[in-house]
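Atoms within a ligand are numbered from 1 in the order they appear, just like the ligands themselves.
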Amino acid sequence: MSLKELEEKYFFKTYKRLNLEIEKGEGCYLITKSGIRYLDLFGGLAVNSLGYNNSRVNQAIKNQIEKYIHLSNLFLQTPQIELAELVNKYSSPHGEFIKIFLSNSGTEAMEGSLKLARKWGKTNSKSEIISFHGSFHGRTLGALSITGREKYRNGYEPFLQGTSFCNYNDCSELFSKVNKTTLAIVIEFIQGESGINEANADFVETITHLRNKFGFLLIADEIQSGIGRTGKFFAFEHMKIVPDIVVMAKPLGGGLPLGAFLGNEKVANVFTYGTHGTTFGGNPVACAAGIETIKEIMECGIIDNAIASGIYLKEKLISLKAKYPGLIRDVRGRGMMLGIELQTDCEKIMNEMLELKVLVNCTNKNVIRLLPPLILSFNEVDFVIEQFDTCFKNFLK
Ligand code: PLP
């Protein structure tokens, strides 16, 4: 039986997988067992910020496994503390995020932040959580309760009480929904799953105004956009706003499972011993990998590359839009988080790009989402653009 047949035999049908057998990864490339190289713009869905086989991260993992792979969270653990210090350094230029909790994944970090908000709300008579249509916050039932995409929610009802949705960038709707019972607004300042949509300045201003008036918590989901992907440590830094709670994951563990949420002074003392926890969260090997990943991104020029290559890639894509106006409707996003909205479903384009040895992801049916490693070079951008050009030409034939 082929790998594909075996997968179909043993696994629940949750993932529509590519029929590629990957042998290894190198930089921005994935190499199949038969030696074919693919330029990977999925980037492990925003996990592989340093690409594949980064020697610094690999070495950190090797060093840590020689010491201990797991200790329970009853122990003080140097890698956890070092990671916390580093996250604090880059996330809190003004010292705002004074506490952290480490989880295993994005959705668990989101669950934890909802629990933190709820407990905070108990003493502040606030209970209602507002999130946005088009958002994605995870697959567990709490995170799904605030995820604004029917395709992920259908059949999993009932959801958490006190959750509701507002249209993204709709100031008047938000005005009408927020009141003194509002506990939290949960937002991706750049929505990934819905096709790379950014909160506009009016909307951010409205959130700020309502927050000042009603005092709810602002929770930023930076799971996909965080740690340099958009050219800043967090995407919200592009806007004039600082949340109370920030949720992180994806690249945080350098490819190993790790999530986190951070909180400011307002929520710093809400949890008391034993009121939240996890067995595996903050795994020391994942933390060791995460430390080197963050240092590499923030201290070794990788974030600057994400900015420069991101601008270059976006400019080239905009030129393609001018060349293929009947096919490309919009190009948007920042840094290494870009979307190409097509006039058509993207499945065929995705498959054609696969033939051309470039892996691209499709979201929201007609948006090609690019989440390349932050190390993507100008030469690699040139290659991507050449292949898109060929692909679009072939598509229109
Ligand atoms: N939030 C956002 C913005 C995401 O992109 C994701 C994952 O794609 C999640 C939450 C959930 O993270 P995880 O898959 O690690 O549970």
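At least one heavy atom of K250 sits under 4.0 Å from some atom of ligand 1. Taking 4.0 Å as the cut-off, M110 does not count as a neighbour of ligand 1 on heavy-atom distance.
Of all the atoms in ligand 1, the ones that sit under 4.0 Å from a non-hydrogen atom of G138 are 10 (C), 11 (C). Every atom of ligand 1 with a heavy atom of H137 under 4.0 Å away is listed here by number and element: 1 (N), 10 (C).
When hydrogens are left out, the protein atom nearest atom 1 (N) of ligand 1 is D221 OD2, 2.7 Å; that is the closest non-hydrogen contact. Of the protein's non-hydrogen atoms, the one nearest atom 2 (C) of ligand 1 is F136 O, 3.3 Å. Looking only at protein heavy atoms, the nearest one to atom 5 (O) of ligand 1 is Q224 NE2, 2.8 Å.
S377 and N379 share no donor-acceptor pair across their side chains, judged by distance under 3.5 Å alone. With 3.5 Å as the limit, one finds a donor-acceptor pair spanning the side chains of N167 and E173. For T107 and S105, the side-chain atoms include no donor-acceptor pair closer than 3.5 Å.
Checking atom 14 (O) of ligand 1 against the protein gives no heavy-atom contact under 4.0 Å.
Neither the backbone nor the side chain of E193 comes within 4.0 Å of ligand 1, counting heavy atoms alone. Both the backbone and the side chain of T107 come within contact range of ligand 1, each with a heavy atom under 4.0 Å.
Closest approach of H133 and Y168 over heavy atoms only: O-CB, 4.1 Å.
The ring of F236 has its center closer than 6.0 angstrom to the ring center of F234. Taking the six-membered ring for Trp and the full ring otherwise, H238 and F189 have centroids separated by 6.0 Å or more. The ring of F383 has its center no closer than 6.0 angstrom to the ring center of F378. The aromatic ring centroids of Y38 and Y29 lie 6.0 Å or more from each other.
In terms of N/O distances under 3.5 Å, ligand 1 is approached by G106.
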